[in-house]
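See structure below.
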Amino acid sequence: MKNSFNLEILKINKNLTAEEQETFRQKFKPLLELSGIMALCLEAKELYVEFNPILFNLDSFKLLLIELGFPLKLELVRV
C-alpha cells in the first residue's frame, strides 16, 4: 500500500532549549486537530510535519506557526 502522506522538515532559526520545546509542544497540541495533519515532532533545531497534501496547506501552516511565535527559519525564494 502506497503512503499518501508527505513529511516536511521545517528548520528553526535557533536552538530551542528543553523548556522552549515543551512550551511549543503544548501550543501545538490543538494543531493536531487540523484537517490533514498527521503528526508533529519537535526537536531542538527542526520541526517534522507529517501531513496529507490533499487536505493540508503547508504554507498556511507556516504562517500559523509564525503567529504562535515559533522561530521558523524562513527561506527566501529567488526569482
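Quick caveat, the model's predicted, so the values are computed rather than measured. We're numbering straight along the sequence, starting at 1. Heavy atoms only: backbone and side chains are in, while hydrogens, waters and symmetry mates are out.
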Reported [atom1]-to-[atom2] distance for the pair [X] and [Y], which is rounded to 0.5 angstrom:
{"X": "Leu64", "Y": "Leu58", "atom1": "CG", "atom2": "CG", "answer": "11.5 Å"}
{"X": "Ser60", "Y": "Leu65", "atom1": "OG", "atom2": "CG", "answer": "11.0 Å"}
{"X": "Arg25", "Y": "Leu42", "atom1": "CZ", "atom2": "CG", "answer": "5.0 Å"}
{"X": "Ile12", "Y": "Lys14", "atom1": "CD1", "atom2": "NZ", "answer": "9.5 Å"}
{"X": "Thr23", "Y": "Leu68", "atom1": "OG1", "atom2": "CG", "answer": "12.5 Å"}
{"X": "Leu31", "Y": "Phe24", "atom1": "CG", "atom2": "CZ", "answer": "11.5 Å"}

Is it true that atom [atom1] of [X] has more than 12 heavy atoms of other residues, nucleotides or ligands lying nearer than 6.0 Å?
{"X": "Gln26", "atom1": "CD", "answer": "yes"}
{"X": "Leu32", "atom1": "CG", "answer": "yes"}
{"X": "Lys73", "atom1": "NZ", "answer": "no"}

Is there a side-chain contact between [X] and [Y], using heavy atoms and a 4.5 Å cut-off?
{"X": "Lys45", "Y": "Lys11", "result": "no"}
{"X": "Leu16", "Y": "Pro71", "result": "yes"}
{"X": "Val49", "Y": "Ile37", "result": "yes"}
{"X": "Ile66", "Y": "Leu74", "result": "yes"}

Subject >> Criterion side-chain contact (heavy atoms from CB on, under 4.5 Å) on Leu10 and Phe70, from CA distance to verdict >> reply: CA-CA 11 Å; Leu10 303 177; Phe70 188 71; 5.7 Å; no
**OP:** Without swapping roles, check the side chain of Glu20 against the backbone of Thr17 for a donor-acceptor pair under 3.5 Å.
**Re:**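 Pair found, side chain donor or acceptor close to backbone of Thr17.
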**OP:** Could you tell me whether the side chain of Glu50 and the main chain of Leu7 form a donor-acceptor pair under 3.5 Å?
**Re:**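 Absent.
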Subject >> Near-ring test Phe51/Phe5, centroid separation under 6.0 angstrom >> reply: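 Ring centres of Phe51 and Phe5 not closer than 6.0 Å.
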